[in-house]
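In what follows, a single structure is set out as structure tokens and then discussed.
Reminder, nothing fancy here: chain letters follow the sequence lines and each chain counts from 1. All values below come from the heavy atoms of this structure, side chains included, with hydrogens, waters and symmetry mates left out.
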Amino acid sequence: MAKEKRVKGDGKRHAIQAAVTLAYNFKLWNFLSGSISQGKTKSICVPGLNCYSCPGAVGACPMGALQNTVRNGGRISFPYYALGMLILFGAVLGRLICGFLCPFGFVQDLLYKIPFFKKLRSFRGDRALRWIKYAVLLLLCILFPMFLSGDWVTVPFFCKYICPSGMLFGAIPLTLANPALASQAGGLFWWKIAVLAVIVLLSLLISRPFCRYLCPLGAFYGLFNRIAIVNLQHSEDKCTHCGACEAVCPMGIDPVKDYASTECIRCTRCARACPHGALHLGIGAQKNSDKKQAAANRRKAGRKNK
Amino acid sequence: MKRAYFGIAAGVIGLVLIAYGVLSGQAGLVLQKAIRVCLECVGLG
Ligand code: SF4
Ligand code: SF4
Ligand code: SF4
């Protein structure tokens with residue numbers, strides 16, 4: 001059975017992810033009654049993908065908010081509020097949100113820990129498939145809700161046909177606790193259960209398949225990875241090009257070559273695995289470099305690799 | 001550090017958009033959506 005390589009500090013990161021998941025959904029008593037929270041805090045978006053129809057949710061989902069505000073009262077409208085939230089989160093943290101503050105990312109991390117007959121780090125087509133999430137963002141989250149909704153009702157296409165977070169955190173607990181809702185389950189419900197099941201299965205084989213290929217929120221935040229205030233930094237003068245960082249990256253990135261990649265979820269595994277402390281979180285994306293030392297390290301690494 | 005200035009500028013743009021969104025009633029719209037079970041989200045609508 002293949003297993004994920006362990007890196008020091010993974011437990012602490014998962015503890016933060018668990019605490020964040022609980023903080024987003026702390027009204028646990030609603031799970032028993034099969035109802036959802038109606039508090040005013042639900043006008044504020046949380047940074048991660050967390051369904052506002054989760055019984056415990058105390059905030060709004062930013063992707064749900066975006067889809068539902070691109071149209072208002074039958075007219076196209078500019079989603080100032082949801083877009084502002086998304087830009088603010090992205091500008092401050094970029095995809096650090098994916099690494100630490102997203103419940104659905106956390107679920108995939110846990111699933112990938114389960115030993116499976118194979119763990120695929122990369123495969124042919126992996127890079128190309130990653131473009132799908134941008135199409136999901138543009139079409140299902142913006143253009144379709146904007147132009148293909150009915151006169152009065154805005155249809156959140158991503159929520160309706162794809163989002164597995166809505167099923168896992170919303171539909172499953174609600175239908176288990178509320179028979180009236182369960183009795184309404186039809187074709188669409190089973191379609192979304194199937195999407196969730198495929199993602200769960202793929203998560204045993206590939207690290208973070210939903211984040212890699214489908215998530216529109218990750219796609220959006222990734223656009224900010226180059227400029228986000230809290231960012232990954234690489235000290236070239238400390239780096240020996242040993243490859244220890246690349247070997248543990250859950251997104252299949254070489255942080256030495258592209259430490260500001262749109263695919264990087266800022267999980268800091270690479271930084272924790274680096275024996276020389278050459279990668280770390282800091283303010284602004286940058287290469288810190290004593291140029292002479294960096295060039296010497298590269299020459300040495302080149303000789304070793306021959 | 002230089003790039004962080006772009007991040008700060010983007011953050012300020014985000015804050016301005018949020019403020020305008022609140023004034024134009026979009027925060028209320030999000031609240032209305034979030035406090036009812038979203039049938040699309042849970043595969044029932
Ligand atoms: S279904 Fe998904 S995108 Fe829609 S509100 Fe729920 S979590 Fe957000
Ligand atoms: S890509 Fe989406 S689901 Fe994955 S961690 Fe980021 S926001 Fe969450
Ligand atoms: S490059 Fe580093 S921080 Fe980014 S996803 Fe890979 S291991 Fe995580």
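To the nearest 0.5 angstrom, B:I18 atom CD1 is 4.5 Å from A:M85 atom CE. Summarising the geometry, atom CG belonging to A:L181 is positioned 7.5 Å from atom CG belonging to B:L39; distances are rounded to the nearest 0.5 Å. In this structure, CZ on A:F158 lies 9.5 Å from SG on B:C41, to the nearest 0.5 angstrom. Remark: A:C61 SG to B:K33 NZ distance equals 11.0 Å, nearest 0.5 Å. Remark: A:F224 CZ to B:F6 CZ distance equals 13.5 Å, nearest 0.5 Å.
For a residue to count as touching a neighbouring chain, one of its non-hydrogen atoms must lie under 4.5 Å from one of that chain's; by this rule A:S35 does not touch chain B. Looking at A:I44, there are no atoms closer than 4.5 Å to chain B (heavy atoms on both sides), in backbone or side chain. Heavy atoms of A:N68 lying under 4.5 Å from chain B belong to its backbone as well as its side chain.
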(request) Could you go through the side-chain contact (heavy atoms from CB on, under 4.5 Å) check for B:L44 and A:L188 one step at a time? (result) CA-CA 7 Å; B:L44 300 176; A:L188 188 61; over 6 Å; no
(request) With side-chain contact (heavy atoms from CB on, under 4.5 Å) as the test, would you mind laying out the steps for A:I87 and B:L17 before giving the verdict? (result) CA-CA 9 Å; A:I87 291 176; B:L17 289 176; 3.8 Å; yes
(request) For the pair A:Y81 and B:V22, evaluate side-chain contact (heavy atoms from CB on, under 4.5 Å) and give the outcome as yes or no after the intermediate values. (result) CA-CA 7 Å; A:Y81 184 68; B:V22 171; 3.6 Å; yes
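A donor-acceptor pair under 3.5 Å is absent between the side-chain atoms of B:E40 and the main chain of A:V155, judged by distance alone.
For B:Y20, the OH atom is loosely surrounded, since the number of other residues' heavy atoms within 6.0 Å does not exceed 12.
Listed options A:N231, A:T41, A:I229 were ranked by heavy-atom pairs under 4.5 angstrom with chain B; first place goes to A:I229. Among the candidates A:A260, A:P55, A:P79, the residue making the largest number of heavy-atom pairs closer than 4.5 Å to chain B is A:P79. Residue with the most contacts toward chain A among B:G14, B:A9, B:A34: B:A34 (heavy-atom pairs, distance under 4.5 Å).
Minimum interatomic distance between B:A4 and A:G284 (heavy atoms only, all atoms of both residues): CB-CA, 3.8 Å. Looking at every heavy atom in both residues, A:S43 comes nearest to B:A27 through CB-O, 3.5 Å. In plain terms, the two heavy atoms of A:I227 and B:A10 that are nearest each other are CD1-CB, 4.1 Å. Of all heavy-atom pairs between B:C38 and A:Y52, the closest is CB-CE1, 4.0 Å. Here the closest non-hydrogen pair linking B:V30 and A:K42 is CG1-O, 4.0 Å. Heavy atoms only, all atoms of each residue included: B:I35 and A:G39 are closest at CG2-O, 4.0 Å.
For the pair B:V42/A:T175, no side-chain contact is recorded, criterion being any heavy-atom separation below 4.5 Å from C-beta on.
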